[in-house]
Amino acid sequence: SDSCRVLRRSIMTLGQESKCPLPNLIVLTGSAHPVLGEAVARELGLRLARCRTERSPDGELHVEIDDHEVEGQDVAIIQPTSHGGSQPLLELLLIADACRRVGAGAIFAIVPYFAYARQDARERPGKPLGVRVAARMLATIPFDRLVTVDPHSDVLAASLDVPMDSLSAVRVLVDRLAADLPKREVVVVAPDLGAVSLAREYAHLLRSPLVVVHKIRTSRTDVSVERIAGDVRNLRPILVDDMLCTGATVAAAARAVRDAGSRSEISVAATHAVLTPGVMDRLHEAGVERLYLTDSIAPSIADPEVTIVSIAPLLAACIRRISTRKRMAHLVLHP
């Protein structure tokens, strides 16, 4: 489609731009996802600066950077706060504090997946507002900017005291979906009301119809479907969401659209592959045949039915524009 051709040209332009070296920038990565950090550094034409993270016998984290590499340089720290939540977040803060103490210039926190973003509402008394607590932890270090990808809600940005860039991986995933799937046989499915805004972006870029599943969550791992708004008959469903965790919502939606007459080739596209134990079995049992996920979190599975799409070019383009004080590209950011 015209939208996808424009998308590909825009991503190629950003990718070419990001390969120009930046003399006043270095890239550091914590232990949460060093492979992504290396990929971002390559896109920027840089090598990773040295950062060592160790754990002492009593469980404390110890971080050490090379002061000669960091002093006087702007620093981009690549560290999704996933798989352990609080430990990667603390490691990010320790790395940033070390950078500040040796005289770094601007410090950018590149957090593709921000843990605790789902704790954005107090469902009942006695529960914390987790996203606000995590944001306050970040405030202990004077970051110059935070970059994240497809955050769960706007509450994160509202809770932060630092400028935040919210990138969208939708266009990166759409580019792969458009290459793999027949153009005129697809229907985009929002598995719940919370995914409608994201699903609209997919449907617009794919030029496909949009269907919304109305669900009721009966427990943390069980979901029932009330109704489907839209027609899925004889179409290939693509269920989309910002993250895939237990898979309960997506599995329930997959069963519902199949029962409503969709074709059996069901795909799922999601930005963040949190993937708790048992999620793949749950999805396969519901009839999901193919998953499209990004590497915002270090992949925890190797499955031939899972396609991992890298967001390294997207992050590199954003970092370059921040570092050179350029305006963000419209196609990279959420509208």
Side-chain angles (χ1 to χ4, degrees), residues 113-124 127-132 148-159 166-171 173-174 177 186-233 235-262 266-276 279 282-283 286-288 291-294 296 333-335:
Y113 174 73
F114 195 99
Y116 298 100
R118 284 179 291 173
Q119 296 186 29
D120 58 353
R122 294 179 70 245
E123 300 166 356
R124 58 182 179 272
K127 298 191 71 174
L129 192 61
V131 65
R132 178 61 176 160
T148 191
V149 181
D150 288 326
H152 188 68
S153 75
D154 295 332
V155 176
L156 173 59
S159 301
S166 172
L167 304 183
S168 173
V170 171
R171 293 167 174 85
L173 287 164
V174 161
L177 288 166
V186 164
V187 59
V188 174
V189 179
D192 61 13
L193 294 177
V196 170
S197 178
L198 201 66
R200 283 199 187 104
E201 290 187 59
Y202 277 94
H204 171 70
L205 289 170
L206 289 168
R207 294 187 175 182
S208 301
L210 171 63
V211 166
V212 180
V213 175
H214 294 256
K215 74 170 187 181
I216 298 176
R217 180 172 288 279
T218 56
S219 73
R220 189 173 293 272
T221 57
D222 293 308
V223 171
S224 63
V225 172
E226 281 189 307
R227 63 188 178 90
I228 298 175
D231 189 4
V232 297
R233 287 174 295 179
L235 295 174
R236 296 171 180 255
I238 303 176
L239 283 68
V240 303
D241 213 338
D242 62 326
M243 70 178 67
L244 189 60
C245 188
T246 66
T249 296
V250 169
R255 285 191 292 268
V257 296
R258 189 175 55 184
D259 292 344
S262 78
I266 300 176
S267 300
V268 172
T271 301
H272 307 298
V274 180
L275 303 182
T276 56
V279 61
R282 184 175 291 115
L283 294 178
V288 174
L291 274 71
Y292 294 85
L293 309 168
T294 80
S296 66
L333 297 173
H334 277 291

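No experiment lies behind these values; they were computed from the predicted model shown.
Remark: the backbone N or O of Val257 is paired with a side-chain donor or acceptor of Ser262 at under 3.5 angstrom.
The side-chain hydrogen bond (donor to acceptor under 3.5 Å, both in side chains) check on Thr271 picks up Asp150, with sequence neighbours excluded. For Asp192, the salt bridge (charged side-chain N to carboxylate O under 4.0 Å, His left out) test picks out Lys215, with sequence neighbours left out. The side-chain contact (heavy atoms from CB on, under 4.5 Å) test applied to Arg118 returns Tyr113, His152, Met243, Cys245, not counting sequence neighbours. Every salt bridge (charged side-chain N to carboxylate O under 4.0 Å, His left out) that Asp231 has, sequence neighbours left out, goes to Arg233. Every side-chain hydrogen bond (donor to acceptor under 3.5 Å, both in side chains) that Tyr292 has, sequence neighbours left out, goes to Asp180. Every residue two or more places apart in sequence or in another chain that forms a side-chain contact (heavy atoms from CB on, under 4.5 Å) with Leu156 is listed here: Phe114, Val131, Thr148, Pro151, Leu160, Met164.
Heavy-atom minimum distance, Ile238 versus Ala269: CG2-CB, 4.3 Å. Among all heavy-atom pairs drawn from Ala254 and Ala286, the shortest one is CB-O, 3.8 Å. When all heavy atoms are compared, the tightest approach of Ala169 to Thr294 is CB-CG2, 4.0 Å. His272 and Val149 make their closest contact through NE2-O, 2.8 Å (heavy atoms, listed as atom of the first residue, atom of the second, distance). Shortest non-hydrogen contact noted between Gly287 and Ile266 is O-CB, 3.8 Å. For the residue pair Pro237 and Val189, the shortest heavy atom distance occurs at CB-CG2, 4.0 Å.
One finds the CG atom of Leu283 at 9.0 Å from the OG1 atom of Thr246 (value rounded to the nearest 0.5 Å). In this structure, the separation between CZ on Arg132 and OG on Ser159 is 5.5 Å, given to the nearest 0.5 Å.
Of the residues listed (Leu293, Thr249, Leu239), the one engaging Leu244 in a side-chain contact (heavy atoms from CB on, under 4.5 Å) is Leu293, and it is the only one.
By the 6.0 Å contact criterion, CZ on Arg200 is open, its count of non-hydrogen atoms from other residues, nucleotides or ligands being 12 or less.
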